[in-house]
Amino acid sequence: MAVCSAVRFRLIQSRSGVRFQSRTVHSSQTSLSTVGIRENLRAFPGGSIDLKKRESGMAVITINNPARMNAFSGSMMIELEERVHELETWSEGKGVIVQGAAGTFCSGSDLNAVRAMANPQDGIKMCEFMQTTLTRLLRLPLISVALVEGKALGGGAELTTACDFRLMTSGGVIQFVHKHMGLVPGWGGASRLVRIVGSQNSLKLLAGAKMVDPEFGKQIGLVDEVLHCSSGERNTLDQAEQWLSQFIKGPEAVIRAVKRVVLSGRELPLEEALTAERNVFGTVWGAPPNHNLLGLKLRY
Ligand SMILES: CCCC(=O)SCCNC(=O)CCNC(=O)[C@H](O)C(C)(C)COP(=O)(O)OP(=O)(O)OC[C@H]1O[C@@H](n2cnc3c(N)ncnc32)[C@H](O)[C@@H]1OP(=O)(O)O
């Protein structure tokens, strides 16, 4: 289990034939300091992280701890890392939706665990563990969606930023409540937030612990779509699946290649991103889906 994620990511990339000649987009390395944290995290059990993989190439991750508004226990942090690993090795996958159980998203870290690990050393190790897992979630070769129904607070708000898109139901709230607890985000949420909404908006959300409702979320670009679910309509997850399906239609090699070029564009300096894009292009150019589609009369 102590395999560092940077190496693992490179293996996955090369298995699927994608090589970056210069710098690789890889997940942050799990340093030796995080090795011991698993034992500490196991001391805080409760809840689960459930994964369903469908034949359509769409997966659903459910944050499941409804008695604590889906707060992350220590064992759930470990399980999330395991589920992300499963998705990293799922070669048929095209998309993933992250949702909370029982009509709410996630209330962040389990406050009982937070209190018990209040010393800086344990806190930093826990953060490093979650940062690595969430970075790997964002870097999956799948298009990812956070489905925010109810509340996404603290670490729950951070989790939403580790997906490519955020869908919110009316009445939903994303709130970086860290300031109210004398904290700043530590699961990578601040760094990702700045890339999504810019530094001005990030300052407002973090320094003001401002509540983001669907309308404000859309206005600042944090929320991609608002789902309206009234009785008799499709349920929220069905609606989210339908929304995501427009982006994952077609051969998995092509969808995964799209995610990879966007990822390198998002994370690498331009010259390196261009090299990475050429390499990914080389994996789809002349490949069977490309041949088949070239043979058809194109009508978009
Ligand atoms: C780097 C990571 C930083 C972090 O994530 S720190 C954690 C940040 N999150 C929070 O501060 C959220 C704290 N919770 C709340 O504000 C409220 O519980 C919340 C989510 C608005 C829901 O309010 P209500 O609908 O009124 O429900 P409630 O308060 O009665 O909660 C129901 C039960 O859930 C529990 N709960 C909610 N959030 C929790 C958490 N994060 N850790 C541990 N337990 C939590 C709450 O204690 C209550 O349990 P019980 O029924 O009293 O046994």
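We count ligands from 1, going down the list as the structure has it; atoms in each ligand are counted the same way. Predicted model, so just to flag it, every value in this text is computed and none were measured.
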- Task: Determine, using the 4.5 Å side-chain heavy-atom cutoff (strictly less than), whether L137 and I37 are members of one ILVMFWY cluster.
- Result: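 Yes, L137 and I37 fall within the same hydrophobic cluster.
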Please list every donor-acceptor pair under 3.5 Å in which a side-chain atom of residues 59-68 meets a protein atom from a residue at least two apart or in another chain.
| from | atom 1 | to | atom 2 | distance (Å) |
| --- | --- | --- | --- | --- |
| T62 | OG1 | Q99 | NE2 | 3.0 |
| N64 | ND2 | D50 | OD2 | 3.0 |
| N65 | ND2 | A71 | O | 3.0 |
| R68 | NH1 | D110 | OD2 | 2.7 |

- Item | Results of side-chain contact (heavy atoms from CB on, under 4.5 Å) for V184 - residues two or more places apart only |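 Applying side-chain contact (heavy atoms from CB on, under 4.5 Å) to V184 gives none.
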- Task: For ligand 1, list the protein residues that place a heavy atom within a distance below 4.0 Å of one of its atoms, sorted by chain and number.
- Result: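 Within 4.0 Å of ligand 1, protein side: A67, R68, M69, A71, S107, G108, S109, D110, L111, K151, L153, G154, G155, E158, V177, H178, M181, W187.
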- Item | Check: F129 ring centre within less than 6.0 Å of W187 ring centre |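 Not under 6.0 Å, so no.
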- Query: Remaining members of W285's ILVMFWY cluster at a side-chain heavy-atom cut-off under 4.5 Å?
  - Reply: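 Once heavy-atom contacts under 4.5 Å are chained together, W285 belongs with F281.
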- Message: Pair S56, E241 - check side chain to side chain contact (heavy atoms under 4.5 Å, CB included), show working.
- Response: CA-CA 11 Å; S56 62; E241 286 184 14; over 6 Å; no
